[in-house]
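Step one of this worksheet: look at the structure below.
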Amino acid sequence: MTEMKIKRDIIKFSKLFDKNSFSPIRSGNISNRYTLKGNKGFLITPSGKKNAELKLKDLVFVSMDGVIKKNQKPSSEWKFHLDLYRNTNCNSVVHAHSKFSVICSCLYKKIPPFHYMVALAGGENIHVAKYALFGSAILSKNILKAIKNRKSCLISNHGQISIGNSIESAYELAEEVEKICEYYYYCKLHGDPKNLSKGEMKKVLKIILDYKQK
């Protein structure tokens, strides 16, 4: 992926946050691995700007050492992006305050295997990271624990995170997780939905893995 495509994709999908009412106004953030003058790090959306108004010049580079150019303000959540890049092999991170992921993150400790599509997040359930102040080191630690061996997790009383090989794939997964959360919320209004067994989920996970490898 070229440097310009990375920048354009961050802007494109940040604007979809607003256009699709997926993560309203200034909420959420997107980043992608990036090398600036031989220095490895990532580009991330800035702090405080409306998603619909973002421009290429607004993007902020953060090095893998956590160094940020003076007078630049990355998203207040940049620390967990850094920790995800340090501890996983993902290329992109999408964090959204999507409606049903927020609702479910406030209500539940996990999303169980009530539907086989839960497997898209990488496991037999979707974990919910424990709450901590946004932008804090504790929140990063909680997220790393919840997303271990997964591609997505919810953040308690906050929203969701999805990771991927590209911004497009991470954003698509975030949309899938949002839909799963919506299904689960409505199921729970009528009681506890029946869950698929571990054996059935293993079969689904194997099919998904084989499909992606092909």
Side-chain angles (χ1 to χ4, degrees), residues 13 16 20 22-23 28 30-33 77 80-81 83-132 138-214:
F13 286 98
L16 282 180
N20 297 338
F22 192 69
S23 200
I30 295 176
S31 70
N32 199 93
R33 288 188 190 269
E77 309 276 26
F80 73 63
H81 287 253
D83 285 337
L84 284 167
Y85 290 127
R86 283 175 171 173
N87 290 276
T88 76
N89 61 359
C90 75
N91 289 320
S92 308
V93 178
V94 171
H95 166 49
H97 294 188
S98 51
K99 181 178 179 180
F100 286 96
S101 71
V102 171
I103 291 171
C104 287
S105 79
C106 295
L107 292 173
Y108 312 121
K109 294 183 178 180
K110 68 179 179 180
I111 306 297
F114 76 104
H115 191 286
Y116 74 91
M117 293 290 273
V118 166
L120 290 174
E124 65 183 40
N125 53 35
I126 300 175
H127 295 150
V128 181
K130 289 183 179 180
Y131 176 80
I138 297 175
L139 180 60
S140 278
K141 182 179 179 180
N142 294 346
I143 288 169
L144 288 177
K145 182 178 179 180
I147 210 167
K148 185 178 181 181
N149 299 322
R150 298 288 191 274
K151 296 178 181 177
S152 186
C153 71
L154 304 189
I155 312 169
S156 187
N157 306 88
H158 190 149
Q160 63 146 301
I161 294 175
S162 291
I163 60 178
N165 291 326
S166 67
I167 297 170
E168 183 176 8
S169 65
Y171 191 93
E172 181 179 312
L173 179 56
E175 290 180 308
E176 295 280 11
V177 168
E178 171 67 2
K179 185 57 68 176
I180 289 166
C181 287
E182 181 179 0
Y183 294 155
Y184 189 62
Y185 171 75
Y186 283 115
C187 284
K188 287 291 284 183
L189 290 180
H190 299 278
D192 291 325
K194 57 184 181 292
N195 294 326
L196 298 175
S197 68
K198 287 189 175 183
E200 287 301 322
M201 288 302 289
K202 282 182 179 179
K203 292 177 186 177
V204 176
L205 286 162
K206 185 178 186 304
I207 291 171
I208 289 175
L209 179 61
D210 288 346
Y211 174 78
K212 290 188 175 180
Q213 286 177 339
K214 291 176 183 177

Under 3.5 Å donor-acceptor, E77 side chain and G28 backbone: no
Heavy-atom side-chain contact between I126 and Q160 under 4.5 Å: no
Partner residues of K179 under the side-chain hydrogen bond (donor to acceptor under 3.5 Å, both in side chains) criterion, sequence neighbours left out: E182
L107 atom CG, over 12 foreign heavy atoms within 6.0 Å: yes
Expected output: side-chain S152 to main-chain A121 donor-acceptor under 3.5 Å: no
Heavy-atom pair of closest approach, residues N142 and K130: ND2-O, 3.1 Å
Output field: ring centroids F13/F22 closer than 6.0 Å: no
Backbone of S98 reached by a side-chain donor or acceptor of S23 within 3.5 Å: no
Side-chain heavy atoms of Y85 within contact of R33, under 4.5 Å: yes
F100 and its ring-ring contact (aromatic ring centres under 6.0 Å, His included) partner, picked from Y183, Y186, Y184: Y186
Beyond-backbone contact of L173 with V94, side-chain heavy atoms, under 4.5 angstrom: no
Flag if over 12 foreign heavy atoms under 6.0 Å of NZ, K188: yes
For E175, salt bridge (Lys or Arg N to Asp or Glu O under 4.0 Å) partners two or more places apart: none
Minimum side-chain heavy-atom gap L196-V118 below 4.5 Å: no
Heavy-atom check, side chain of S156 versus side chain of V128, under 4.5 Å: yes
